[in-house]
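Just follow the structure's listing: the first ligand is 1, and inside any ligand the first atom is 1.
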Amino acid sequence: MTQKLKILLVASEVYPYAKTGGLADIAGSLPKALKQLGHDIRVIMPKHKCVVKCPLGMRPMGLDVTIPIGGTRKKGFLYTGHLNGEIPIYFVGNEAYFSRDPIYGTRHGDYLDNAERFIFFCRSVLEVCKSVEFQPDVIHCNDWQTGLIPTYLKTIYSKDKWFQNTRTIFSIHNLGYQGNFPSYELKTAGLPFSIFTPQGVEFYNHFSFLKSALVDADLLTTVSPTYAKEIQTKAFGFKMDGVLRMRSKDLFGILNGVDYQEWNPEADPSVAKNYSSKNRSGKLACKRKLADLFSLKIKDDTPLFSMVTRLSSQKGVDLVIEILDELLGEDAAFVLLGSGDSMYENYFLKMNHLRPDRVGVHIGFDEKLAHQILAGSDFLMMPSQYEPCGLTQMYALKYGAVPIVRSVGGLADSIKEFNRKTMKGTGFKFKPFTPDHLYQAVQKAMSVYRKKNQWQTLTANDMTADFGWDRAAKKYCQLYRRALL
Ligand code: ADP
């Protein structure tokens, strides 16, 4: 084997300790694949309130770090545990900052002290490295909550011997979330005002944690090759496209993987009956169970569509709302698990009230139900406005729930259009963001559903598609080495 790397992966959420979306899945599963490749990989995250409830457990290390915040000093207490029984994970504890539920904000908006909370976290990460005597070759940062780490290393810590050989990689999981704060937060962070420039951390007169990383990280990645291209354009760039174009040669797209230890209908403890591509009979039991859970009145051959999603406009929810009546008119059924924007929540609850026989709705976040829905449904819809990678469509493949997706970002990269002649392909795609185009894709999907041999082949293609982490982990390692050159 080539040289073993010392890698610290930093994220604000890591499955199964804390999860609000795909970032947690990635931060929980990429380390396993890196470990498999023989590297010394460790993970660090804040000790959120939910972390304590995780059955994997943790213990106090008897260590603490002291972090300057504005004119004061705040303490972080360290805890540790293991991911997958072998990967050290560290938790930075501070009751006032992190003992909260939910982790980023409430229904009424983001927590007002989010800048301070994640300044504290970013700086703690560097101090923890020294405290636990881990000198990483690479710190792999993820999303804006970790965005100041590269900037600290290029400023306050630039002469720190502990980090002389440490390089940073920053992964963008969603450019729409930027961590933009008033400029006075630079003082909270202890960073010099000299970096508050258009070439530095300034972003439309705000101090942007995301831009900090885009400017200062040694290499940048995002979670699919198509999204890597899209974010360099005005249409998808959220006003960061200029910075990203400047860093174009340092920006790489690596499609996320799937953790098949967690997402596999053959061994999934959450589903009514296990099944596989070779023995599919369990899938029907799962469909019946799902219909039961939501009290749907459907037959075995009623096409059952689903969504498991954050309810935000990004996910194309508006298109689904536009076509739902027509879909039900085709004698189909629909199940939704999601939470988010109350306008969408209310709409789906209303539909559930009007058509309880055909529309099942659960508002909330429910990991077990997510598995049951993928196992029980025939189709998964993801008509996103934009989608950095998207994991749910790849999980759906494994569960034989055929994805109907908009051809953007990672959806474009992971789903191949099914061709009835060659019988190749894994799902149905459309491009223009209109209800009509979504509906055309839905109709194509339903006509294949009605042709038994085509449906058998399509779902076999889906269930045998391989999106394991090994491929992606190897690509990350190549980039870690490139950063170290
Ligand atoms: P994003 O990160 O943009 O939310 P992804 O498709 O990349 O979208 O990842 C979403 C992850 O969150 C998947 O694991 C999905 O199953 C899960 N998820 C989303 N909404 C819910 C929910 N309401 N309940 C349970 N799991 C959910």
Side-chain angles (χ1 to χ4, degrees), residues 11-30 50 102-104 142-145 171-177 222-224 226-227 236 238 254-265 268 270-271 290 293-294 306-317 320 335-342 344-345 348-349 360-377 380-399 401 403-406 408-415 427 467 469 472:
S12 57
E13 49 184 276
V14 179
Y15 183 81
Y17 286 100
K19 172 168 168 176
T20 69
L23 168 63
D25 288 355
I26 295 151
S29 48
L30 171 61
C50 55
I103 62 182
Y104 304 123
N142 295 276
D143 275 355
W144 72 264
Q145 296 87 352
S171 293
I172 303 159
H173 296 266
N174 190 332
L175 202 63
Y177 298 87
T222 189
V223 288
S224 68
T226 296
Y227 195 58
F236 290 88
F238 284 99
I254 301 178
L255 191 73
N256 285 328
V258 172
D259 184 344
Y260 290 121
Q261 264 180 24
E262 298 288 338
W263 296 94
N264 179 5
D268 191 331
S270 306
V271 305
L290 185 60
L293 277 175
F294 284 99
S306 69
M307 285 183 90
V308 177
T309 186
R310 286 186 290 114
L311 288 173
S312 93
S313 58
Q314 181 212 329
K315 297 294 181 180
V317 185
V320 177
V335 167
L336 173 123
L337 166 62
S339 65
D341 193 324
S342 54
Y344 296 134
E345 292 186 358
F348 286 113
L349 287 171
V361 174
H362 182 90
I363 300 297
F365 196 94
D366 188 329
E367 189 72 25
K368 182 173 175 187
L369 188 55
H371 288 243
Q372 291 172 323
I373 289 179
L374 295 183
S377 50
L380 175 91
M381 287 199 279
M382 278 181 82
S384 307
Q385 272 177 3
Y386 71 94
E387 193 60 71
C389 176
L391 291 168
T392 317
Q393 82 282 4
M394 295 194 272
Y395 301 156
L397 289 175
K398 189 72 183 166
Y399 285 76
I404 300 172
V405 304
R406 179 150 180 258
V408 284
L411 297 171
D413 293 339
S414 58
I415 303 301
F467 287 96
W469 264 107

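G410 does not count as a contact of ligand 1, since none of its heavy atoms falls under 4.0 Å from the ligand. Distances from ligand 1 to the non-hydrogen atoms of G338 include at least one value under 4.0 Å.
Listed for the D143 side chain is no donor-acceptor partner under 3.5 Å among the backbone atoms of Q145. One N or O on the side chain of Q314 and one on the backbone of Y386 form a donor-acceptor pair closer than 3.5 Å. For T226 (side chain) and G410 (main-chain N/O), no donor-acceptor pair under 3.5 Å exists by modelled atom type. Judged purely by atom type and a 3.5 angstrom limit, R406 uses its side chain to pair as donor or acceptor with the backbone of Q385. Judged by distance alone, the side chain of Y227 and the main-chain N or O of L175 form a donor-acceptor pair under 3.5 Å. Distance alone, capped at 3.5 Å, is enough to place a donor-acceptor pair between the E13 side chain and the G21 backbone. Between the side chain of T222 and the backbone N or O of I172, at least one donor-acceptor pair lies under 3.5 Å. Counting only distance, with no hydrogens or angles, the side chain of E387 and the backbone of P383 share no donor-acceptor pair below 3.5 Å. A donor-acceptor pair is defined here as one N or O able to donate and one able to accept, closer than 3.5 Å; no such pair exists between the side chain of Q393 and the backbone of L380.
Looking at ligand 1, you won't find any N or O of A370 less than 3.5 Å from one of its N or O atoms. The N/O atoms of K19, backbone and side chain alike, include one that comes under 3.5 Å of an N/O atom in ligand 1. For ligand 1, the polar-atom distance check finds no N/O of E367 at less than 3.5 Å from any of the ligand's N/O atoms. Looking at G21 next to ligand 1, no N or O pair under 3.5 Å apart turns up.
Taking CE of M382 as the start and CE of M307 as the end, the distance is 8.0 Å to the nearest 0.5 Å.
Those atoms of ligand 1 with a heavy atom of R310 less than 4.0 angstrom away are 1 (P), 3 (O), 4 (O), 20 (N). If you number the atoms of ligand 1 from 1 as listed, the ones under 4.0 Å from a heavy atom of Y395 come out as 13 (C), 14 (O). The distance from ligand 1 to the heavy atoms of G22 drops below 4.0 Å at these ligand atoms: 1 (P), 2 (O), 7 (O), 9 (O), 10 (C), 11 (C). Atom numbering of ligand 1 starts at 1 in the shown order; those under 4.0 Å from a heavy atom of D25 are 13 (C), 14 (O). Within the listing of ligand 1, atoms 20 (N) sit less than 4.0 angstrom from a heavy atom of T309.
The proximity of N174 to ligand 1, defined as any non-hydrogen pair under 4.0 Å, does not occur for either the backbone or the side chain. Counting heavy atoms closer than 4.0 Å to ligand 1, residue H173 contributes nothing at all. Residue contacts with ligand 1, taken as heavy atom pairs separated by less than 4.0 Å, involve K315 solely via side-chain atoms from C-beta onward.
For atom 15 (C) of ligand 1, the closest non-hydrogen atom of the protein is T392 OG1, 3.7 Å. Protein heavy atom closest to atom 5 (P) of ligand 1, with residue, atom name and distance, is L391 N, 3.6 Å. Looking at atom 24 (N) of ligand 1, its nearest protein heavy atom turns out to be D366 N, 3.0 Å. Scanning all protein heavy atoms for the shortest distance to atom 16 (O) of ligand 1 gives V308 CG1, 3.9 Å. Scanning all protein heavy atoms for the shortest distance to atom 23 (N) of ligand 1 gives G364 O, 2.8 Å. What sits closest to atom 27 (C) of ligand 1 on the protein, heavy atoms only, is F365 CE1, 3.4 Å.
Here the closest non-hydrogen pair linking L349 and V361 is CD2-CG1, 4.1 Å.
Inspection of the D259 and Y15 side chains reveals no N or O donor paired with an N or O acceptor under 3.5 Å.
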